[in-house]
Protein chains: 2
Amino acid sequence: MPVTDEAIVRIKEMILGGELAPGARLPKEADLAERLGLSRNSLREAVKALSLIRVLDVRQGDGTYVTSLEPELLLDTLAFVVDFHRDDTVLHFLEVRRILEPGATALAARAMPDAQVAALGELLAALPDDATLDELLANDLEFHRLIAVGSGNPVLVSLLDGISAPTTRARIWRGLTEEGAVARTREQHRAIHSALAHRDAELARALALVHVCGVERWLRDTLGDAGAALARPAASDTPGSAGT
Amino acid sequence: MPVTDEAIVRIKEMILGGELAPGARLPKEADLAERLGLSRNSLREAVKALSLIRVLDVRQGDGTYVTSLEPELLLDTLAFVVDFHRDDTVLHFLEVRRILEPGATALAARAMPDAQVAALGELLAALPDDATLDELLANDLEFHRLIAVGSGNPVLVSLLDGISAPTTRARIWRGLTEEGAVARTREQHRAIHSALAHRDAELARALALVHVCGVERWLRDTLGDAGAALARPAASDTPGSAGT
DNA sequence: GGCAAGGAGTCATCCGATGTATTTCTCGAA
DNA sequence: TTCGAGAAATACATCGGATGACTCCTTGCC
């Protein structure tokens, strides 16, 4: 194993072993390099890699620190990785969102504090009727993010945030090509908020499913058979799935 | 922005822009460094970072290549990141799994090819009655992974694989401390397999939920009130949740 | 045709030097 | 005493070059 990879493992172990607590400062490059038995250059490669995934935070002129390691930090990494996936996997991400979003919404119906539910309503009300596409997108993302936060589960927030990025582009297309989509989306948002306000978890779950499926259906139709086939290649030999 | 970070962005753009297709080979370090206008050392830091998240694949003596960028590669990265989270967030991961696992199982009930369902049954049958804890764990992980694969959604496979890692440890504890857990788990596995074989999606979904909740309930009880409070901090000001 | 030695190409690692940002300390003015 | 400018210390940022190790391909022998 290359010394750099070993350094990554060593640093990871130092963190998991408690030697380096979240927020702790690492020894300076020269010292840590000597301790791990490699050169500064190689150590820097390891630190850079751990820095990209938000495990370490390097500050020039100051020092290198362990981040808080909170689940929210998982977000940026996931989003970064997801960015690399091609458009032909959007349906797979959407399918996962179709599972997560209703679950998160149902949790929010039970756990979301009243103040946050109110804030959610204000967010919807703040959107002007003649909003631009960018405003619509931003409002939509924030709406779903608030619901995820309302679930009280930071891991859920991070995952949904991460996998929502690819579907965002899909929604951009939708806004550009389908006239009634904007009004329908706003209506669905209001309905979800209402269900949350009434603490109706089952209704909220169903509405969220309908909401996500709207995008999915549209996208599936748009991509055509090729897209549908891509969405579930493993099922190619399943009886009955070929008749589409 | 540091030159290294800029190099990461540039390389990312080269990939997203199609200049570097999946599997493509990058120019050699010296050339690429010159082209991006930085030193080899700095470039190597960027490459190392992208290598850690499985975007690039560096082979000594050969060259540096773009990986296939398939969703499966998201797996390793997610698992690596998840490793850094403390035990006090296990319940959050478990809660997400409680959402994803039933969804994946329901999908598998419809999409899983017959051959894979059969293989799933053989996996369960292959587990000896006097299996060691390690064997139980491996069999359990493989069981759930096969179901995820059966869903036909590689993104789902990766996510479930990634978030299952932390709960694995929890199941280890369970196996060590609770006598009846092993037999119960095997029984539940058989029931899930049966539901899949009968293509009963709703039953499969319910059984998966029961299965995951078994672990969750046990873990929640074990961790005690402290753990329960940690599981949903955002709800601390929700009426009724303070009565502990 | 098979195989092993040799050479070219490429990454791995190190060293030492210099540039730059941040923090801290010093010291004089108000 | 308080405060701010500037110097000093500290730590990361970046560079160029040198050497080693590994892979792959060519070449020539058997």
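Computed from a prediction, not measured in an experiment: that's the story for all the values here. We name chains A, B, ... by the order of the sequence lines, and we start the count at 1 in each one.
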S.K.: Separation of Met1(A) atom CE from dC22(D) atom P, in whole Å?
M.R.: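 Taking CE of Met1(A) and P of dC22(D), I get 15 Å after rounding.
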
S.K.: So, is Arg40(B) close to the dG17(D) phosphate, meaning a side-chain N or O under 4.0 Å from OP1 or OP2?
M.R.: no

S.K.: How far apart are the closest heavy atoms of Glu72(B) and Ser158(B), and which atoms are they?
M.R.: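 So the minimum-distance heavy-atom pair works out to CA-OG, 3.5 Å.
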
S.K.: Can you figure out which of dC12(D), dC14(C), dC11(C) approaches the side chain of Lys28(B) most closely?
M.R.: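 Per side-chain heavy atoms of Lys28(B), the pick is dC11(C).
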
S.K.: For atom CD of Glu34(A), decide whether the heavy atoms of other residues, nucleotides or ligands shown that lie under 6.0 angstrom number more than 12.
M.R.: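 It does not: Glu34(A) CD has 12 such atoms or fewer within range.
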
S.K.: Calculate the interatomic distance between Leu38(A) atom CG and dG20(D) atom C1'; express it in whole Å.
M.R.: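 Rounded to whole Å, this separation is 16 Å.
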
S.K.: Can a side chain N or O of Arg59(A) be found less than 4.0 Å away from OP1 or OP2 on dT23(C)?
M.R.: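 Answer no for this pair, as no side-chain N or O of Arg59(A) is under 4.0 Å from OP1 or OP2.
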
S.K.: Which comes earlier along DNA chain C counting from the 5' end, the contact point of Pro27(B) or that of Ser42(A), where each point is its nearest nucleotide?
M.R.: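 With Pro27(B) and Ser42(A) compared, the 5'-side residue is Pro27(B).
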
S.K.: Grab the CG-C1' distance between Leu43(B) and dA12(C) for me, whole Å please.
M.R.: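 Whole-Å distance recorded here is 14 Å.
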
S.K.: Below 4.0 angstrom from OP1 or OP2 of dC12(D), is there any side-chain N or O of Thr64(A)?
M.R.: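 Checking dC12(D) against Thr64(A), a side-chain N or O does come within under 4.0 Å of OP1 or OP2.
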
S.K.: Between the side chains of Glu142(B) and Arg145(B), is the shortest nitrogen-to-carboxylate-oxygen separation below 4.0 Å, so that they form an ion pair?
M.R.: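 Counted as a salt bridge, because a side-chain N and a carboxylate O are separated by less than 4.0 Å.
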
S.K.: Is there a donor and acceptor pair closer than 3.5 Å between the side chain of Asp62(B) and the base of dG9(C)?
M.R.: no

S.K.: How close or far is atom C1' of dA13(D) from atom CD1 of Ile8(B), stated in whole angstroms?
M.R.: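 Answer to the nearest Å: 14 Å.
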
S.K.: So, OP1 or OP2 of dA13(D): does either fall under 4.0 Å of a side-chain N or O from Thr4(B)?
M.R.: no

S.K.: Looking at dA13(D), I'd like to know if its phosphate oxygens (OP1 or OP2) sit under 4.0 Å from a side-chain N or O belonging to Arg44(A).
M.R.: yes

S.K.: Of all the choices, dT13(C), dG16(D), dT22(C), which nucleotide is nearest to the side chain of Pro2(A) once you look at every atom?
M.R.: dT13(C)

S.K.: Check residues 2-22 of chain B and write down every donor-acceptor pair under 3.5 Å in which the side-chain atom is one partner and the other belongs to a residue at least two apart or another chain.
M.R.:
{"unit_1": "Asp5(B)", "atom_1": "OD1", "unit_2": "Lys48(A)", "atom_2": "NZ", "d": "2.2"}
{"unit_1": "Lys12(B)", "atom_1": "NZ", "unit_2": "Asp83(A)", "atom_2": "OD2", "d": "3.0"}
{"unit_1": "Glu19(B)", "atom_1": "OE1", "unit_2": "Arg35(B)", "atom_2": "NH2", "d": "3.4"}
{"unit_1": "Glu19(B)", "atom_1": "OE2", "unit_2": "Arg35(B)", "atom_2": "NH1", "d": "3.2"}
{"unit_1": "Glu19(B)", "atom_1": "OE2", "unit_2": "Arg35(B)", "atom_2": "NH2", "d": "2.4"}

S.K.: Rounded to whole Å, please give me the gap between CD in Gln60(A) and C1' in dA11(D).
M.R.: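 Distance, rounded to whole Å: 8 Å.
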
S.K.: Calculate the interatomic distance between Leu56(A) atom CG and dA13(D) atom C1'; express it in whole Å.
M.R.: 17 Å

S.K.: Is the distance between the ring centroids of Phe143(B) and His193(B) under 6.0 Å?
M.R.: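 No - the distance between ring centres of His193(B) and Phe143(B) does not fall below the 6.0 Å cut-off.
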
S.K.: Which whole-number value in Å describes the distance from Glu29(B) CD to dC14(C) P?
M.R.: 14 Å

S.K.: Give the nucleotide from the list dT13(C), dA11(D), dC15(D) with an atom nearest to the side chain of Ser39(B).
M.R.: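 Ranking dT13(C), dA11(D), dC15(D) by closest atom to the Ser39(B) side chain puts dC15(D) first.
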
S.K.: Atom CG of Leu32(B) and atom P of dT10(C): how far apart are they, to the nearest Å?
M.R.: 13 Å

